[in-house]
Amino acid sequence: MFWQTYIAFLFLAVVVIVVEAESPYRFFDWSITYGDISPLGVRQQGILINGQFPGPDIYSVTNDNLIINVHNNLDEPFLLSWNGLQQRRNSYQDGVYGTTCPIPPGKNFTYILQVKDQIGSFFYFPSLAFHKAAGGFGGIRIVSRPRIPVPFPEPAGDFTLLIGDWFNHDHRQLKAKLDGGHKLPSPDGILINGHGSNGASFTVEQGKTYRFRISNVGLQNSLNFRIQGHKMKLVEVEGTHTVQTIYESLDVHVGQSYSVLVTMDQAAQDFYILASTRFTDKILFSTASLHYSNSNKPVSGPIPVGPTDQIDWSLNQARSIRTNLSASGPRPNPQGSYNYGLINITRTIKLVSTADQVNGKQRYGVNSVSFVPADTPLKLADYFKIGGVFRVGSILDNPTGQNMYLGTSVMGADYRTFVEVVFENHENSVQSWHIDGYAFWVVGMNGGLWTPNCREQYNLRDAISRSTTQVYPRSWTSIYIAVDNVGMWNVRSEFWARQYLGQQFYLRVYTAVNSLRDEFPIPNNALLCGRAHSKSTSTL
């Protein structure tokens with residue numbers, strides 16, 4: 001069955017992606033199962049991939065085609081999404097319910113992804129229900145093609161560090177609490193690569209330099225990351241080479257990914273690797289070990305203290321992270337050759353997050369709309385022209401001030417426009433926002449309310465380009481987006497309880513030209529459900 005399916009996909013890939021035919025293929029066969037895990041010492045049900053928690057790393061090279069066959073051996077539907085992978089012209093593979101039908105229990109689905117014109121550090125995660133609280137996540141690393149220079153020497157090793165908050169409650173219990181209209185309690189601890197304190201270890205050689213790819217795969221907490229006795233040189237953020245600034249610690253907000261270089265320039269012993277919560281009353285932390293291969297001395301000394309509630313410290317650090325304009329990206333041209341600051345803005349969208357009760361239950365929303373999924377994935381309804389599933393314009397460009405209400409919110413955007421988006425946070429907690437299908441320039445952030453005069457503060461030269469940005473309490477963050485990727489794209493809070501209870505919507509990027517140049521056709525293997533169940537995906 002798998003090979004028949006694969007041959008059909010390969011044929012489709014050759015037909016549809018003719019210009020990419022020379023790009024290599026990498027094959028993955030994954031079994032999704034439940035398994036007993038106890039990362040914080042409490043036994044619970046976790047989601048494993050090929051028996052692993054966290055799941056296996058995906059390694060690829062720019063423009064590689066990834067064939068990932070996912071067997072759902074759970075007793076409920078399942079989907080994987082790919083945080084930061086842009087799915088160029090191909091939102092059908094995005095792996096969120098707005099674009100893709102779930103994989104039924106006992107069935108399989110094969111994702112065909114191309115990491116087109118991307119490099120860097122990303123991760124994947126389960127997007128349905130509250131599965132993210134049970135595991136099923138893993139790292140993605142995309143390295144540059146051999147002929148494209150990288151702005152630092154080849155490191156001696158390359159490590160993935162998945163950090164995040166964790167609950168001892170089963171994911172079904174957490175989901176039931178949210179379904180009942182309640183907020184979640186505080187997390188019980190912090191994990192590093194699926195382990196609690198002292199569970200993970202990284203072996204290095206004295207005098208050599210290593211790359212650490214750090215992703216916050218948690219549910220709600222911003223984390224500060226640091227390595228005892230060592231400084232970190234930031235070199236990449238979610239696919240963008242950065243100005244190589246030295247940091248003693250880094251704030252990594254939910255959904256974000258960073259790459260740092262660390263030189264093993266200390267005496268031969270073991271050192272703490274730490275991740276601790278930011279902006280919380282109770283500070284949770286976890287440790288791992290950095291083990292020098294010639295060490296005979298275990299980790300010792302007090303655990304290095306990190307920042308706790310200093311918002312200005314974090315804001316200033318975020319502003320210091322800038323694009324390396326002289327470095328090549330996934331293509332040989334310098335990253336700064338796209339002068340985003342010289343392009344005229346065609347539209348300004350202001351998004352204000354809200355938290356409120358609707359029908360006596362806790363909900364979260366954007367511009368007063370709390371998203372509820374339709375009975376049919378929005379992308380399929382769009383493709384098959386099924387009416388009544390959603391309405392473009394059901395969320396407005398600006399907050400209305402009205403009470404929160406439920407709706408399947410979809411915002412329209414014209415292909416090849418240049419848009420300013422302002423995220424405004426009126427609450428006392430930091431927020432984190434992600435846009436599928438895109439990297440955007442984080443041009444400004446500050447406290448207070450945004451006004452047009454805030455544009456005078458914008459960085460229009462070397463702002464960092466990324467797919468996930470934080471918005472500090474009682475503050476705003478402004479981004480620029482080149483709307484150049486046709487499809488149906490999820491815009492969401494990375495705080496997973498907020499996302500689950502409605503703090504998300506879909507951006508429909510549309511062009512009237514029906515051309516493979518702009519968007520791939522629906523995959524032949526696309527799962528069909530809801531009102532699209534009886535449709536045909538045959539495109540050959």
Side-chain angles (χ1 to χ4, degrees), residues 84 86 88 116-120 148-151 234-245 253 256-259 314-351 397-398 411 413-425 432-472 475-486 489 491 507 509:
Q86 293 178 16
R88 303 297 301 180
K116 176 66 176 170
D117 289 337
Q118 285 193 265
I119 57 167
I148 299 179
V150 176
L234 183 65
V235 295
E236 178 256 330
V237 170
E238 293 160 30
T240 301
H241 288 129
T242 66
V243 172
Q244 295 182 10
T245 305
H253 303 277
Q256 293 185 337
S257 297
Y258 291 83
S259 277
S314 187
L315 175 62
N316 289 331
Q317 181 179 87
R319 289 171 172 161
S320 73
I321 299 171
R322 298 175 292 125
T323 294
N324 184 343
L325 298 181
S326 63
S328 296
R331 295 182 176 183
N333 52 302
Q335 292 178 144
S337 60
Y338 191 101
N339 296 310
Y340 70 91
L342 302 179
I343 302 174
N344 291 328
I345 294 297
T346 57
R347 178 182 179 187
T348 296
I349 300 168
K350 186 177 180 181
L351 302 175
D397 284 15
N398 289 280
M411 181 181 291
D414 293 332
Y415 184 44
R416 292 182 175 169
T417 55
F418 200 68
V419 175
E420 174 187 47
V421 178
V422 178
F423 296 100
E424 201 168 79
N425 178 6
S432 188
W433 285 91
H434 176 86
I435 302 179
D436 280 349
Y438 285 91
F440 47 74
W441 291 274
V442 184
V443 294
M445 55 177 64
N446 210 339
L449 300 179
W450 182 89
T451 68
N453 291 334
C454 293
R455 294 186 180 119
E456 297 175 5
Q457 308 172 27
Y458 283 5
N459 178 354
L460 298 182
R461 182 175 181 271
D462 62 353
I464 195 65
S465 177
R466 65 188 317 164
S467 60
T468 307
T469 187
Q470 70 273 31
V471 190
Y472 290 101
S475 301
W476 57 268
T477 294
S478 186
I479 65 174
Y480 281 178
I481 308 175
V483 185
D484 60 357
N485 195 12
V486 175
W489 304 108
V491 181
L507 186 70
V509 179

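Remember, it's a predicted structure, so these values are computed and weren't measured experimentally. Position 1 is the first residue of the sequence; numbering continues from there.
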If I take atom CZ from residue Arg416 and atom CG from residue Asp484, how far apart are they, to the nearest 0.5 angstrom? 8.5 Å
Among side-chain atoms of Ser326 and Asn324, is any donor-acceptor pair under 3.5 angstrom? yes
Polar contact flag, side-chain donor to acceptor under 3.5 angstrom, Gln256-Thr468: no
Fit a plane to each ring of Phe418 and Tyr338, take the angle between them on a 0 to 90° scale, and name the class: parallel (under 30°), tilted (30 to 60°) or perpendicular (over 60°). tilted
Taking atom types as modelled, is there a side-chain donor on Gln86 or Asn485 under 3.5 Å from an acceptor on the other? no
Which value, rounded to the nearest 0.5 Å, describes the distance between Thr417 atom OG1 and Ile343 atom CD1? 11.0 Å
Do you know the tightest heavy-atom contact between Leu460 and Tyr480? CD2-CE1, 3.7 Å
Under 3.5 Å: donor-acceptor pair, side chain of Ser257, backbone of Glu238: no
Has His241 got a side-chain atom pairing as donor or acceptor with Ser328's backbone, closer than 3.5 angstrom? yes
Neighbour count above 12 (heavy atom, 6.0 Å) for Arg461 CZ: no
Indicate the atoms forming the closest heavy-atom contact of Val419 with Ile345, along with that distance. C-CD1, 4.1 Å
Among all residues two or more places apart in sequence or in another chain, which pass the side-chain contact (heavy atoms from CB on, under 4.5 Å) test with Arg322? Val243, Asn459, Asp462
Check whether Tyr258 reaches the backbone of Leu234 with its side chain - one donor and one acceptor, N or O, closer than 3.5 Å. no
Worked verdict on Thr477 versus Gln470 for side-chain contact (heavy atoms from CB on, under 4.5 Å): CA-CA 7 Å; Thr477 294; Gln470 70 273 31; 5.6 Å; no
Okay, side chain of Tyr438, backbone of Trp489: is any donor-acceptor separation there less than 3.5 Å? no
Kindly give the heavy-atom pair with the smallest separation between Ala318 and Tyr472, and that separation in Å. CB-OH, 3.9 Å
Would you compute the distance between atom CG of Asn425 and atom CE of Met445 and round it to the nearest 0.5 angstrom? 12.0 Å
Does anything in residues 323-339 pair up under salt bridge (charged side-chain N to carboxylate O under 4.0 Å, His left out), and if so which pairs, sequence neighbours excluded? Asp117-Arg331
If I take atom OG from residue Ser478 and atom CH2 from residue Trp450, how far apart are they, to the nearest 0.5 angstrom? 6.5 Å
Given side-chain contact (heavy atoms from CB on, under 4.5 Å), test Trp433 with Val421 step by step and report yes or no. CA-CA 11 Å; Trp433 285 91; Val421 178; over 6 Å; no
Side-chain donor or acceptor of Gln244 paired with backbone N/O of Pro151 under 3.5 Å: yes
Can Leu449 and Trp476 be said to form a side-chain contact (heavy atoms from CB on, under 4.5 Å), step by step? CA-CA 6 Å; Leu449 300 179; Trp476 57 268; 6.0 Å; no
Check: Ser465 main-chain N/O paired with Thr240 side-chain donor or acceptor under 3.5 Å: yes
Are any side-chain N or O atoms of His434 and backbone N or O atoms of Ser467, one a donor and one an acceptor, separated by less than 3.5 Å? yes
Once you round to the nearest 0.5 Å, how far does OG1 of Thr346 lie from CG of Asp414? 8.0 Å
